[in-house]
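Notes follow once the structure below has been shown.
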Protein chains: 4
Amino acid sequence: MAIAAKRTKTIMARRQDLIQGTIRSIAALGYNNSTVQTICDAAGLSRGLIGHYFKGKDDLLLEAFRYLVGRADEETRKAVRAVGDDPLQRLLAATEVTFNRASDDREGGMVWLACWGVAPWVPEMHELQRKLWRRYRSWVERMIAQAADQRGIKVDARRAALAYAQMVDGFWLGWLSDRDAYTPEDARDIVCDWLRDLFGEGRKAPVRGAAARKPEPSSKAKSPARKVSGGKKT
Amino acid sequence: MAIAAKRTKTIMARRQDLIQGTIRSIAALGYNNSTVQTICDAAGLSRGLIGHYFKGKDDLLLEAFRYLVGRADEETRKAVRAVGDDPLQRLLAATEVTFNRASDDREGGMVWLACWGVAPWVPEMHELQRKLWRRYRSWVERMIAQAADQRGIKVDARRAALAYAQMVDGFWLGWLSDRDAYTPEDARDIVCDWLRDLFGEGRKAPVRGAAARKPEPSSKAKSPARKVSGGKKT
Amino acid sequence: MAIAAKRTKTIMARRQDLIQGTIRSIAALGYNNSTVQTICDAAGLSRGLIGHYFKGKDDLLLEAFRYLVGRADEETRKAVRAVGDDPLQRLLAATEVTFNRASDDREGGMVWLACWGVAPWVPEMHELQRKLWRRYRSWVERMIAQAADQRGIKVDARRAALAYAQMVDGFWLGWLSDRDAYTPEDARDIVCDWLRDLFGEGRKAPVRGAAARKPEPSSKAKSPARKVSGGKKT
Amino acid sequence: MAIAAKRTKTIMARRQDLIQGTIRSIAALGYNNSTVQTICDAAGLSRGLIGHYFKGKDDLLLEAFRYLVGRADEETRKAVRAVGDDPLQRLLAATEVTFNRASDDREGGMVWLACWGVAPWVPEMHELQRKLWRRYRSWVERMIAQAADQRGIKVDARRAALAYAQMVDGFWLGWLSDRDAYTPEDARDIVCDWLRDLFGEGRKAPVRGAAARKPEPSSKAKSPARKVSGGKKT
DNA sequence: GATGAATGAGGTTTCATTCAT
DNA sequence: CATGAATGAAACCTCATTCAT
């Protein structure tokens, strides 16, 4: 069994190597231009190896996407769990970890972007993406509904969740497509402020300009936002 | 010259045919799976023709994207011009036309999505996309700044513009990736409400007429106004 | 239509080129060692052309076999028709043309041999082969039955047809596998003598040794035989 | 030495395993589609093992063919020896064992067929096949010559041997390619009758017992005797 | 100007063989 | 001695592009 276990471990390691190679290759060359050759080169392995560990290129591509999804999910869960049970805090934590991931793993983000662009025409990827998104949105909706309940505020949780989720995705998309337009921190702040405003919580730190805005009654400017990564995660 | 003009006209027509074929092919098969063959089939033309009108496949792809961009730009300008000079009305009109396009031309939207997914690795497309985005965001920023000025409200125009623009993109992305999660009308309403809330304008009747609507006495934020979506809508 | 006709003609010509290339390649290298490359080289065409005219390599291989079958069939029919209606003469003519083909087109014969060796594992080829064989055997059986009737001789036509057909195939097989063991003329004479003996007809020419045999009463030594090519033909 | 002997034994056993695996694989999948993987799977051994016991795949293939050839040879010799010295009885016994093998070991037959189809392009296999055939034909020729001598009949032994040998092969080929056209028993009867007719021996009881049958008073050709298959059988 | 036949580069995949464990 | 992971050659096929008609 020790041998079998070791073997299994090696197998997992090689699969990881190939997945990482895929991510590196796609990040560097794009989805189309990534060939079995570039992927295996990036993984430091020989071309034929892909057949040992995956059904083929498509399978590997899908698994790489699945890996990114799983990792984002895990990271977000951990961050959310760490802040306790308060729904707003959870949302804020999720938002933060989402945009942190943007800076920390732009490579992964680029792959995510590339996958968005092909998913509609790759049934399995499409399905995975939709499942993910629905779970994510429904989690956001629950959090928002709970937070509103706690505060005795009326919020259309569905619409708020949509606004949040799509804003986050939009910020991801925008930053991946043009990293100079704004920073992930900008995005994070805007979304977090939007969340706090939604529940009438004050902003924490003086946020660029906004803090200078007259505190009108309900200046709850909505800035919709949603974690790209979150979107891809839960 | 008449002959030359006619020729030019034919050339333009053929180019259009090929561009439309490209759009149809990408919408149906995705970016990767669209070949010169599928494109020309979709255009009802023969395979070799592409060389007469474009430098090659890549060029055609780029031109198709350029065409979509140009058309969207034009439509938006027209809608904005039609609504007069009021910045908020202009933003609302732009929002509306944007989401109307979603329903009216899902095919084009899918192509847009596909192009998003490859643009970072196609320098010319990337550049085009960035130019477009920057112009768009700066226009939004100006409109927001003007609208705020008119109302004597202090708004961080840059952040608001980012929030607006990325929310819109996020809704596009989400709807193209999963058309069942919400409707373009949902998206439009959420974004328009967000805009009105930003300026303390009350939500109103079906936004569809909003563009033509007279600027009523800004009834300011409705009651708690903190509901992302007020009473009406889903 | 002239253009369409010409095009069709060209298409047929290219298909023929590829089929001939296939035959030459298989004859020279065997079935396994024939690759798209060797086939196209033998045809004097480029590698990619195969996709224009056939579904793929397998399709081409099958068509090449079909071509050999069709040609053998045609040649045999023509030879049979040329000798009139007498069943024995028809059988003799078929036998002759069969073994003539052996000498005239050893290349085609080798391909036939190669196909025999793979047919059981290539459903379409197998089916074609079986259809062919059955039609051929039943024709032989009918001829034998008629010839026997004419002479008032009792012959088990089914068994005689089997003996004839398999003897011919056996001679083909043997000669293709070892061209030095006997000549096609040897084979032809043996089979023709067997046929004549079956119906009590005298042998035409003094055939090696056999003619010297004592004309015992009914020395109808059966030598079973069957045209390989015939077997593959009708 | 005991150890060395044991080792040798294991080696032989493994080689046998691989040879059997080869036969099973080829019978199931054909020559082309049999890979080292399928062969080792069929043998219940691991892929790399082939290198320990054979020079490579080609060598294994050749050895498998050699094994079939050797076994057939041995079986035939044994059957022939068992029947005594009478040449005709020997031929009948050889015929019988040949067609018995067809039914008893169709798998082996299929491999034989597959090898026929590649042998001309595999020099070593070709050579083996030719040696085998020549030895076989010359043995048949000797038997026929002896039987004719014994009876004072003049027979062209070479031609008769060719007819016999190719008829047998033809029946094998036909049955392997289409097992529904006739049974090996049909083939055996036809060939045995042909042999008996050649020497003016009457057809007799079920041939199955023929090998053990005492040489009865050659009742010479039956009546017209020109029926390929007398009264009995199908 | 329009067509599609022809080319050949390049992609994915399979496979025989080698070799470390 | 046995295993199967690793390699890289080579096969098939697709496809963008060119060019004669």
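Below, chains carry the letters A, B, ... as their sequence lines are ordered, and counting in each starts from 1.
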Grab the CG-P distance between A:L18 and F:dT7 for me, whole Å please. 10 Å

Without swapping roles, check the side chain of D:T38 against the backbone of D:S34 for a donor-acceptor pair under 3.5 Å. no

Hey, are the side chains of D:L61 and D:Y31 touching, using non-hydrogen atoms and a 4.5 Å cut-off? yes

Could you check whether D:Y53 gets within reach of a base, just the sugar-phosphate, or nothing at all, counting any heavy atom under 4.0 Å? sugar-phosphate

Taking atom C1' of F:dA10 as reference, at what distance in whole Å does atom CD1 of C:I39 sit? 15 Å

Could you give the CD1-to-P distance, from A:I11 to F:dT3, as a whole number of Å? 16 Å

Between C:D41 and C:R47 (salt bridge meaning N to carboxylate O under 4.0 Å), is one present in this structure? no

Check the distance between F:dA2's P and D:F54's CZ and give it to me in whole angstrom. 13 Å

If one requires at least 3 consecutive Watson-Crick or G-U pairs with distances under 3.5 Å, the stems of DNA chain F turn out to be E:2-21 with F:2-21

More than 12 heavy atoms of other residues, nucleotides or ligands under 6.0 Å from CD of C:E124: is that the case? no

Enter the distance from C:E63:CD to C:D58:CG here, rounded to the nearest 0.5 Å. 11.5 Å

A correct 5'-to-3' footprint of nucleotides 11-21 of chain F, with B, S and - meaning base, sugar-phosphate only and no protein heavy atom under 4.0 Å, is SSBBSSB----

Spacing of D:W121 atom CH2 and C:N33 atom CG [to the nearest 0.5 Å]: 9.5 Å

Between D:A119 and D:Q129, which heavy-atom pair has the shortest distance, and what is it? CB-OE1, 3.4 Å

Output the rounded distance in Å from CG (B:D41) to C1' (E:dT3). 13 Å

Are there more than 12 heavy atoms of other residues, nucleotides or ligands under 6.0 Å from atom CD of B:Q16? yes

